Undergrad: 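Next up is a structure, given as structure tokens.
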Number of protein chains: 2
Amino acid sequence: MKRRITPRRSGSVTAEPRRPAAAIGKTTRAEQLRRQLADEILRRGLPPGASLDETEIATRFNVSRTPVREALRQLAASGLVESRPHRGAVVAQPSFERLTGMFEAMAELEAMCAGFAAERMSPLERRDLEAIHEELRMLSHDGNPERFHDVNERFHNAIYAGSHNDYIADLALATRVRVQPFRRAQFRNLGRLATSHAEHDRVVVAIMRGDRAGAALAMRRHIELVRNEYEIYAVSI
Amino acid sequence: MKRRITPRRSGSVTAEPRRPAAAIGKTTRAEQLRRQLADEILRRGLPPGASLDETEIATRFNVSRTPVREALRQLAASGLVESRPHRGAVVAQPSFERLTGMFEAMAELEAMCAGFAAERMSPLERRDLEAIHEELRMLSHDGNPERFHDVNERFHNAIYAGSHNDYIADLALATRVRVQPFRRAQFRNLGRLATSHAEHDRVVVAIMRGDRAGAALAMRRHIELVRNEYEIYAVSI
DNA sequence: CGACGGCGCATTGTATGCAATTCGCGCCAG
DNA sequence: CTGGCGCGAATTGCATACAATGCGCCGTCG
């Protein structure tokens with residue numbers, strides 16, 4: 001298979017000086033590829049099980065196989081991709097049991113963060129959390145699922161940060177990312193938006209009270225409800 | 001710097017046919033390197049902060065830079081190594097705050113595993129756990145720190161497995177590995193061995209009773225005591 | 001005497017060619 | 001007709017050459 005269209009190396013007096021826009025990627029090609037591929041996986045442009053041919057990807061992005069390989073290896077290490085020696089890489093497709101385990105882990109990790117946040121959040125952080133929560137309340141009325149989803153992520157991220165434990169926050173975020181391809185778009189209907197907000201409310205109230213156990217419990221229940229939604233989805237595949 | 005001593009590629013009628021012993025590594029070179037480097041880091045042959053020069057490592061292991069780079073990237077993804085673009089890689093040297101966070105996370109993750117194990121372990125798994133526990137009891141009397149350390153790892157691994165949640169088990173194990181370079185050899189004195197066994201005993205009793213909260217609590221306390229030992233060590237650096 | 005800028009060196013990032021392994025496919029034997 | 005075996009094509013793994021970036025050193029200027 002031909003490797004590329006424009007020979008970019010020597011000469012190359014094309015309109016494309018060397019890199020299309022030097023400002024686009026301020027890091028290495030491998031890093032850009034990693035982000036791009038991760039993004040496509042999370043947006044389900046690359047569904048679970050899709051094969052990731054090194055040469056094909058290299059051609060598609062107009063780079064050599066080397067940075068593609070690095071990107072794939074890093075994605076494999078982060079769990080979004082599964083790779084077996086000499087047999088190529090595919091978008092990760094965990095078994096049902098493992099996916100269930102990941103949701104359970106997410107529930108526990110988020111509960112852990114919420115519990116720590118209840119004890120450790122600064123007054124400023126608490127105000128910020130309440131602000132995000134209020135924003136979600138309004139969005140749940142307006143019924144803008146797209147924006148709700150974004151602000152919902154900010155809500156959970158604020159709680160991760162409030163745990164004042166970056167390592168646990170990293171674990172929680174990584175787990176959230178890994179299950180992302182398997183969560184269906186949940187915020188289609190206003191009902192789910194309102195329900196989600198009500199669940200959040202219990203979490204926020206507990207955090208504001210400094211009630212560690214209550215915050216953890218409320219968050220665990222919230223995530224477990226999310227998981228239930230997922231199971232319906234999984235069955236309907 | 002010269003890349004290698006024997007040009008291995010063409011000709012190479014040396015005593016070393018191609019790979020020293022084909023049976024040694026049944027996987028790729030990058031994977032072998034990853035294991036070898038991880039092992040050296042965990043055994044503190046490569047202490048935190050040590051720089052990992054690609055060319056130097058390639059020369060040392062008599063391979064090209066390509067698999068070295070892959071190994072380093074994977075180690076970076078697993079957290080044992082920190083790497084910045086164009087600036088090389090070093091053995092990870094987390095800040096004191098982050099290390100504290102990692103210990104806290106380990107306590108919570110192990111407690112989580114112990115709690116699930118109390119509810120989910122099969123009768124066979126329980127018997128195996130008790131057997132390991134008994135082995136540790138004898139070793140704590142004999143006072144063989146080396147073997148005690150190995151069996152201690154088997155003890156904790158048995159509890160990870162007993163959680164019946166591979167994902168959480170992976171997180172717990174990964175965290176344990178990442179703090180490994182910062183734990184001092186704790187089992188020098190018999191006192192610590194006996195204390196550790198006593199703490200384990202509470203965990204085992206709770207698990208046998210199916211007491212989830214009790215098992216989690218006992219394990220959390222056990223790990224926190226380990227952490228205290230660490231803090232003394234950290235200060236004494 | 002100190003600070004700033006340019007230049008050379010060392011090191012990492014990328015491209016490309018070759019080697020090795022895997023898997024499909026056809027062929028032959030039972 | 002079926003099952004096993006060997007061969008070839010395709011794909012990944014590794015080596016090497018080249019490019020680009022960051023860093024330190026030195027000289028010059030304020």
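Chain letters run A, B, ... following the sequence lines, proteins first, then strands; residues in each count from 1. The shown structure was predicted, so the numbers you read here are calculated from the model rather than taken from an experiment. Basis for what follows: all heavy atoms, side chains included, without hydrogens, waters or symmetry-related copies.
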Undergrad: Return no unless some side-chain N or O of R73(B) is found under 4.0 Å from OP1 or OP2 of dT12(C).
TA: no
Undergrad: For H164(B), give me all partners under side chain to side chain contact (heavy atoms under 4.5 Å, CB included), at least two apart in sequence or on another chain.
TA: R120(B), E125(B)
Undergrad: Apply side chain to side chain contact (heavy atoms under 4.5 Å, CB included) to R220(B) and list each qualifying residue two or more places apart in sequence or on a separate chain.
TA: A107(B), E108(B), A111(B), L217(B), E224(B)
Undergrad: Quick one: R69(A) CZ to dT11(D) C1', roughly how many Å, whole number?
TA: 10 Å
Undergrad: Look only at the side chain of R126(B) and the backbone of M121(B), and say whether a donor-acceptor pair between them is shorter than 3.5 Å.
TA: yes
Undergrad: Rounded to whole Å, please give me the gap between CZ in F61(A) and P in dG13(C).
TA: 20 Å
Undergrad: Is S163(B) reaching over with its side chain to a backbone N or O of N165(B), donor-acceptor style, under 3.5 angstrom?
TA: yes
Undergrad: In this structure, how many angstroms lie between the P atom of dA15(D) and the CG atom of N62(B), rounded?
TA: 9 Å
Undergrad: Nearest-Å distance, CD (E54(B)) to P (dA17(D))?
TA: 17 Å
Undergrad: How many Å lie between CD on E31(A) and P on dT21(D), as a whole number?
TA: 16 Å
Undergrad: When the distance from CZ of R65(B) to C1' of dA17(D) is rounded to whole Å, what number comes out?
TA: 11 Å
Undergrad: Mind telling me whether H200(B) and H222(B) have parallel, tilted or perpendicular rings, with 30° and 60° as the class edges?
TA: perpendicular
Undergrad: Taking the side chain as every heavy atom from C-beta outward, state whether T28(B) and P67(B) have any pair of such atoms under 4.5 Å apart.
TA: no
Undergrad: Considering only distance and modelled atom types, tabulate donor-acceptor pairs under 3.5 Å from the side chains of residues 73-88 of chain B, sequence neighbours left out.
TA:
{"unit_1": "R73(B)", "atom_1": "NH1", "unit_2": "E70(A)", "atom_2": "OE1", "d": "2.9"}
{"unit_1": "S78(B)", "atom_1": "OG", "unit_2": "L75(B)", "atom_2": "O", "d": "3.0"}

Undergrad: So does T55(B) reach the base of dT12(C) with its side chain, donor to acceptor, closer than 3.5 Å?
TA: no
Undergrad: What I want to check is whether an N or O donor and acceptor connect the side chain of T66(A) with the base of dT16(C) at under 3.5 Å.
TA: yes
Undergrad: Tell me the interatomic distance from L52(A), atom CG, to dT12(D), atom C1', rounded to whole angstroms.
TA: 14 Å
Undergrad: Taking the side chain as every heavy atom from C-beta outward, state whether T100(A) and R227(A) have any pair of such atoms under 4.5 Å apart.
TA: yes
Undergrad: Does R29(A) put a side-chain nitrogen or oxygen below 4.0 Å from OP1 or OP2 of dA15(C)?
TA: yes
Undergrad: Using five base pairs at each end, measure the axis-to-axis angle across the helix from dC1(C)-dG30(D) to dG30(C)-dC1(D) and round it to 10 degrees.
TA: 10°
Undergrad: May I have the distance from L33(B) (atom CG) to dA15(D) (atom C1'), rounded to whole angstrom?
TA: 14 Å
Undergrad: Applying salt bridge (Lys or Arg N to Asp or Glu O under 4.0 Å), name anything that partners R127(A), two or more places apart in sequence or on another chain.
TA: none
Undergrad: Heavy-atom contacts under 4.0 Å between residues 76-88 of chain B and DNA chain D, which residues?
TA: H86(B), R87(B)
